[in-house]
*Asks:* 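Got a structure for you, written out below as C-alpha cells; questions coming shortly.
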Amino acid sequence: MSASTAHATSPRPAAGVQGSGFRVLEENLPSPQASKPSSPQALPPGVHLGRTSIEPLRRLPSQLAVIDDLLDGGLPRGRVSELVGPQSSGKTSLLVAFLAAATRRSEVTAYVDLADSLSPASFATAGVDLERLLWVRPSSLKDAVRCAEIILQAGGFAAVALDLNARSSQSVDQSSPERPNGERSRRKTLSAALWPRLARAAERSHAALIVLASQRLTGSIATLGLETQARPLWGFTPSPAYPRERAGVRVTLFDGFDVAVTVARSKLGPPGRTERWLVVGG
Amino acid sequence: MRECNAPFYQDSDRPTQSANVENKGDAGASIVSSPHLTSPGGRGIKQPRIACLHVPDFPLAAVLRVQPDLRGEPVVVVDGEGTRAHIVCVSAAAARHGVCAGFSVAQARAVYADLVACEVSTEVQRSAQAALCDAAESFSPRVEDAGNGLAYLDLDGLGSLFETESKLANALAQRAAQLGLEAQIGVAGSKVAAHLAARDGGGVAVIPPGEEWSFLAPVPIALLEPGRQLAETLQLWGIRTIGDLAALPATAVGTRLGPEGVRLVARARGEDEYSLQPRTVPLQFEESVDLDYGIETIEPFLFVLRPLLERLVARLEMRGLVCGDLRLSMRLSTRGRDERTIIVSAPSNDIKSLLPLIRLSLDAQQPGAAVESLRVGAVAERLRAAQLDLYRPNGPEPAKLALTLARLAAICGADRVGAPAVADDYRPEMCGIESFQMEPGVRVLGRYGVGGRSPQHHNTLTPNTISSLSLRTIRPPQAVEVHCQRDRPEFVRGEAIAGRVVHLAGPWRIHGRWWSEERYARDYYDAQLGDGGVYRVFCDLRSGEWFVDGVYD
C-alpha cells in the first residue's frame, strides 16, 4: 500500500467496493511523515515525546566555582549522589560545602550520622547554619537508612546527607585479611530494594540524597558518583592574606588538603572529568 | 417557647427596686436584689439579661456524651457499691419500663431485666461540666459554673451578634449539642428566673424583661426544690405555685418558716442570692473516660482515645484555640498510674497528626499494665498566623516536621535528634544538640541540650576555589598507643590505627574546668600517618594516656 503524501481537509466516506474504499481512505489519511512534527517545538502545549521531562533538573550548588562547573551547577536534586573516598580525602569537606551553601540560602538540610562524627564547631566554621541542619544520630545501619527515608518522606529538605562512612578509626589497609572491611560488610547487609526505595523517596521530595562512604554502596542507583583524593598540605600558605605565624615565628602546620574530585559515574553527562580545589583550615 | 408580658412584682411588700438594695428578712438573712432592676415605667439602670444552660439528669447526660451509642437505650446511672448501690438517673426508655430513680439495681432489674447500668463517674461529669461551660464561653467570657449541669451566661454585649434573644438561646442549645449535651436554655433578668424558665420551658424559654411574674407565676413550686418539711408546710398552706409563694409577705414567712423560707420566697420572686460570678478561663482542657475493662494493646487503646481527642478538639475549636502539649494520665490495673506529657511541637487540632504522636510515645514506653481509665489534657494555645516570606524557600510543614521528629526520636532517642550546637567547652569532642528550630522563637522539638551556643563562624575564605576543612570527630576519644622520640610522637597504634608519623604539628595545650572534678589538660597534635590519614591526637597530661579524637577529611 503506498503512502499518500496528500492530506484531505474533509475526509470522504469510503466507497462501497473495498478496493476503491481503501484508495479513498488512503487519500484521506495524512501521511506518516506529515503527521510527525518537524521539531519538538511544534508539539501542542503540554504534549511531549516519549519520557522526555519538561522540567529542568534542579541543582544543589556548592558555591565553589570549580565544583559547580564540574557538576554543571551542582548536585542534582531529587536524585541520589554518592561521595566516595578513602580516609582524609576531602569528601566530608566537600559534603559540608554543599550543606553550608544550602543553609546559607535558608534551605533546610539533614545529616544522618551513623558514625556520630559530626563536629558542630567544624561545621559552623565552614559556614553551615546549624539551626537549619537536622542532626540525627542512629545507632545502627538499619536505623540510619530508616531515618533517611523518614526525613525524605517528610519533604521540605533541600539535602539529606547519609553518612555511612566507616568509623574514622577504622583506617586499616582494606586488603588485610585480618580485619574485614566495614564498608564491604555493610554493603552485604543492605538489601537490593533499599536504594531504589530511597531514590524514589528523594525524587518525590525533590531533595538531594547524598551518600557519604569510603566505597561505593549505591550501585547503579546513584545518578552521580564522585570520588575524591587528597594530598595533605603542610606549611602551605594559600594566599598572602593567610600567613601562618605565631608570636612572629613561622611554624609548620597542617593547613588542609589539595583535593581532586573526579566524576566517576554520571547519568547526566560524560564521566571522567577531574577538578582540584583547596580545603584549608579556618 | 413561652413568653408573657405581665410585670413580675405585684405584692405590696416587695422590696423597693433600686440598684444594690440589700433587704434583710426577719430571720436576718441577707438578700441582695438583682442590681439594675428598673421600676415599671421608670428611667432605671439597664436590667441584666442572664441565660441559663441546664442539662437535665446530668449524670446520665454525661454518660451518654461519652457513650453516644447508648442513646435511646434503657440506661440507668448507679451510685454506690454492693447492696447500697441505687439508681440516681434513668433514661426515658428505662422509665417507660417502670424503672425509677431510687431503686436498687436488683429492684430495677426485677422490673426490667435488659437494663444498661453505668456507674457514676466524677471524671466524666467533670468533663461534661467543662464542656458545658466551654459552650457558654464560646459566646461570652462571663460564665458562671454552677456545677451539676448548670451554667449561667451574662448576655450583656451580645445584642449586636444576635437579632433576638430567641436566636441566641437556640444557638446556645445547638452549641451545647455539638459537644454532646442536650441543654435546656432559659433567658431572664436573673439567674433564678432563667433557671426556672429553662427547667419549665421545655427546651428554649425566653422571658421578656419585666414579665417574669406572669411567666413564672403558674409554675409549680416543686421546681424551686424546697426541703421536704418546708414543702409539706407549704402544701398544708395551699401554696402550690411560685406565684402563690411570691405573694406571701416576707416578714411573715421569716417568722414562720425561718431563713430557708425567706430564701425560698426570694427565689420565687426572682431575686438572686449573689450576682453572676464569672469563672476564670481554664488554661487546660481535659477529657476522661473510665473503661469497662483494662486495655493492654495499643490498637484498642487508640480506638478509645480517638473520641476523647475529638471531644477535646471540639471544645478547643469552639474557643478559637488549638491543641498544644498533651498530658496523658492512665490508671493501670496494678493500681499505679502512668502519666506522661507528649510534646506537640506544632500546635494543631488535626486528629490525624495528634494520634501518631501519642502512638509513638506509647510504642517507645508502654504503660506496663492494662489501662483502666484514661484522662487526656491539652494545653490550649493560640493559633499563630505564620507570615510567609517570598524570598525564603519552603521548608518542611510544621505539623509534618513535628511528626517526623517524633518518629526519628522514637528510633534514635530524643536526645539524639535535633540541631547541633557548639558546646561551651574547649574540649573538641563536646557538643550539644538542641531543639530543631527553623525560625527563631518557634519551638519545634523540646529541649535536650548540653551547653550553649557560641557565635557561629561563617566561611570567609575566598576565592571560591577554597573551602573550609572539616573534622570527623571520634566519640568518645579512642585510646591509642603512641611511641615518642624526643617527646614527639613517632608511631601511633590503636584499635584500627597503625602507622608511622610522617608529618606532625603541635603541641597545642588546652586546659579547663580546673575548679571541678572534670578538670582536664591536654596537648594536641595533628599527625599524618603512613596510610595518608591525618588525625588529631592528644595526650592527657593528667594520666599520660594518648587518644585520637578526630580525623581530618
Side-chain angles (χ1 to χ4, degrees), chain A residues 63-66 86-93 96-97 100 105-108 116-127 130-139 143 146-147 150-151 154-158 168-172 232 234 238 252-254 256-257 277-282, chain B residues 392-397 400-401 403-405 407-408 411-412 416-423 428 431-433 436-438 440 453 456-459 461 463-475 478 494-498 503 505 526 528-529 531-534 548 550-553:
Chain A
Q63 294 185 349
L64 294 171
V66 289
Q87 205 70 268
S88 298
S89 62
K91 59 183 183 299
T92 304
S93 300
V96 173
R105 288 190 301 270
S106 299
E107 293 180 299
V108 181
D116 195 11
S117 60
L118 187 148
S119 169
S122 175
F123 273 47
T125 304
L130 297 182
E131 292 182 350
R132 305 196 76 80
L133 175 67
L134 173 62
W135 185 22
V136 182
R137 304 151 68 189
S139 55
D143 289 345
R146 181 70 186 133
C147 289
I150 289 173
I151 295 172
F157 287 85
S168 20
S169 61
Q170 294 177 359
S171 61
V172 295
W234 292 88
T252 298
L253 303 176
F254 171 60
F257 295 108
W277 92 101
L278 295 177
V279 175
V280 297
Chain B
R392 174 169 287 188
N394 289 331
E397 294 178 16
K400 200 178 285 188
L401 178 63
L403 181 58
T404 299
L405 293 174
R407 293 173 71 186
L408 293 173
I411 295 174
C412 306
R416 297 177 70 86
V417 177
V422 178
C431 68
I433 189 163
F436 182 65
Q437 297 182 4
M438 290 189 300
R453 285 185 182 268
Q456 297 185 21
H457 303 280
H458 296 284
N459 186 9
L461 294 175
N464 53 8
T465 57
I466 302 175
S467 67
S468 184
L469 179 65
S470 291
L471 176 78
R472 297 182 66 88
T473 307
I474 299 175
R475 292 190 188 93
Q478 181 191 352
E495 179 182 340
I497 295 178
H503 283 97
D526 291 334
Q528 179 182 350
L529 302 186
D531 59 1
V534 183
V548 58
V551 178
Y552 293 98
D553 186 17

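Keep in mind that what you see is a predicted model, and the values were worked out from it rather than measured. All chains are named by letter (A, B, ...) in the order of the sequence lines, taking the proteins before the strands, and each is independently numbered beginning at 1.
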*Asks:* State the OG-CG distance between A:Ser122 and B:Leu469, to the nearest 0.5 angstrom.
*Replies:*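 Spacing of OG (A:Ser122) from CG (B:Leu469) equals 6.5 Å.
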*Asks:* Could you grab the distance from atom CZ of B:Phe436 to atom CZ of A:Arg132, nearest 0.5 Å is fine?
*Replies:*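 Taking CZ in B:Phe436 and CZ in A:Arg132, the distance rounds to 7.5 Å.
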*Asks:* Roughly how far apart are B:Gln528 CD and A:Phe254 CZ, rounded to 0.5 Å?
*Replies:*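 So the CD of B:Gln528 and the CZ of A:Phe254 are separated by 7.5 Å.
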*Asks:* Could you pull out all residues at least two apart from A:Ser89 that satisfy side-chain contact (heavy atoms from CB on, under 4.5 Å)?
*Replies:*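 For A:Ser89 the side-chain contact (heavy atoms from CB on, under 4.5 Å) partners, ignoring immediate neighbours, are A:Pro86, A:Lys91, A:Thr228, B:Asp553.
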*Asks:* Below 4.5 Å, heavy-atom pairs only: which of A:Val136, A:Ile151, A:Leu133, A:Asp143 has the largest tally toward chain B?
*Replies:*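 That would be A:Leu133.
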*Asks:* Please find the pair of heavy atoms, one from B:Asp526 and one from A:Trp234, that lie closest to each other, and give the distance.
*Replies:*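 For B:Asp526 and A:Trp234, the tightest heavy-atom pair comes out as O-CH2, 3.4 Å.
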*Asks:* For a quick test of reading the model, state the closest non-hydrogen atom pair linking B:Ile411 to A:Cys147 and the distance between them.
*Replies:*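 That closest heavy-atom pairing would be CG2-SG, 4.0 Å.
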*Asks:* Look at A:Ala97, A:Gly155, A:Pro120 and state which one has the largest set of heavy-atom pairs under 4.5 Å with chain B.
*Replies:*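 Top option by heavy-atom pairs under 4.5 Å: A:Pro120.
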*Asks:* What I'd like to find out is whether the side chain of A:Gln87 reaches to under 4.5 Å of the side chain of B:Val551, using heavy atoms alone.
*Replies:*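 Heavy-atom side-chain distance check passes, below 4.5 Å.
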*Asks:* Going by side-chain contact (heavy atoms from CB on, under 4.5 Å), name the residues that satisfy it together with B:Arg416, two or more places apart in sequence or in a different chain.
*Replies:*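 If we apply the side-chain contact (heavy atoms from CB on, under 4.5 Å) test to B:Arg416, skipping adjacent residues, the hits are A:Asp116, A:Arg137, B:Cys412.
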*Asks:* Kindly compute the distance separating CZ (A:Phe157) from CG (B:Leu401), expressed to the nearest 0.5 Å.
*Replies:*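 Answer for the CZ-CG pair, A:Phe157 versus B:Leu401, is 5.5 Å.
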*Asks:* Pick whichever of A:Ser139, A:Ser119, A:Gly256, A:Ala158 has the most heavy-atom pairs under 4.5 Å with chain B.
*Replies:*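 Sorted descending by pairs with chain B, the first entry is A:Ser119.
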*Asks:* Nearest 0.5 Å, please: how far is OG1 in B:Thr473 from CZ in A:Phe123?
*Replies:*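 Between A:Phe123 CZ and B:Thr473 OG1, I get 9.0 Å after rounding to 0.5 Å.
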*Asks:* Quick check for you: to the nearest 0.5 Å, what is the distance between A:Ser88 atom OG and B:Arg472 atom CZ?
*Replies:*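 Answer for the OG-CZ pair, A:Ser88 versus B:Arg472, is 10.0 Å.
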*Asks:* Specify the closest pair of heavy atoms between B:Val422 and A:Ala124, including all atoms of both residues, with the distance to one decimal.
*Replies:*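 Looking at all heavy atoms of both residues, the shortest contact is CG2-CB, 4.3 Å.
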*Asks:* Which pair of heavy atoms, one from A:Ser93 and one from B:Ser470, lies closest together, and at what distance?
*Replies:*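 Where A:Ser93 meets B:Ser470 most closely, the heavy atoms are OG-N, 3.1 Å.
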*Asks:* Of all heavy-atom pairs between B:Pro396 and A:Val108, which one has the smallest distance, and what is that distance?
*Replies:*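 Looking at all heavy atoms of both residues, the closest pair is CD-CG2, 3.9 Å.
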*Asks:* Could you look at A:Ala100 and say if it's the side chain, the backbone, both or neither that has a heavy atom under 4.5 Å from chain B?
*Replies:*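 Answer is neither: A:Ala100 stays 4.5 Å or more from chain B.
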